[in-house]
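Below: one structure, written as structure tokens.
Numbering of ligands and ligand atoms starts at 1, following listing order. The chain is numbered in sequence order, starting from 1.
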Amino acid sequence: MNKLSVADLRINYTRAGLTEAEAPLNPLELFDLWLSQAIAAEILEPNGMTLATTNAAGNPVARMVLLKGFDHRGFVFYTNYNSDKAQQLLANPHAALVFWWAELERQVRIEGEVTQTTAAESDAYFSSRPRGSQLGAWVSAQSSVIPNREVLEQELANLEQKYLDQDIPRPTHWGGFLLKPVMLEFWQGRPNRLHDRLRYRLVTQGNWIRERLAP
Ligand SMILES: Cc1cc2nc3c(=O)[nH]c(=O)nc-3n(C[C@H](O)[C@H](O)[C@H](O)COP(=O)(O)O)c2cc1C
């Protein structure tokens, strides 16, 4: 066991605050600002986010994915449509995202509904990926049980031969999801656990209510 007890680990957050005066009325503008600051801070995987879904039993399931697109519509990530997460999203399109930018002492929580991105959007992103990642999408029947690692290596070698000197097409079972947000919460760590929390709720198309929450 660790000599240090995790119960004794604590940080007093002092870097910054988040006031109503500096928070735009549109939360996507604030997200854009915070993401660009996370990128500028050279955080490892600033676009890494936890994606929470629910399974058929109604139980929560969470894992990391990478944000690969962000605009006025919402948040885009890519995955295998046969994976557990994708099957869960197709059955229940409500999902949540969490970003944790430790170096900036910031968390962003997002909730909303997902839809599949268009085939054209998935094609455009797939064609921008490195060849190795494109082959990986073909090789991996994501979330299924496999006997060993060698089957992956073997399949990769087969596909490298098959697509030698050829463009690799996007598998139809691989593509994006777009999460349209109805809630975003911005959390900035503050001293003495009195953190700043500003929550935005979508009330009507394009209209957000901003509220301060107790930490
Ligand atoms: C930093 C990080 C980023 C990841 N990004 C993705 C991603 O963008 N898409 C994806 O399908 N899996 C990604 N994964 C792997 C997932 O966490 C997960 O293992 C995989 O998608 C299978 O999840 P599922 O069985 O719940 O569908 C990432 C893992 C890590 C640690």
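Checked for salt-bridge contact, R210 and E20 miss the test: no charged N lies under 4.0 Å from a carboxylate O.
Within the structure, the side-chain hydrogen bond (donor to acceptor under 3.5 Å, both in side chains) test picks out the following pairs touching residues 162-178 (sequence neighbours left out): D123-R170.
Here Y13 pairs with W187, H195 under the ring pair (Phe, Tyr, Trp, His ring centres under 6.0 Å) rule; sequence neighbours left out. Applying the ring pair (Phe, Tyr, Trp, His ring centres under 6.0 Å) test to Y125 and every residue at least two apart in sequence or in another chain returns Y78.
Looking at Q134 and R129, their side chains never bring a donor and an acceptor atom within 3.5 Å of each other. Side-chain polar atoms of R63 and T53 form a donor-acceptor pair below 3.5 angstrom.
Within 4.0 Å of ligand 1, contacts by protein heavy atoms are made from R63, M64, V65, L66, Y78, T79, S83, D84, K85, Q142, S143.
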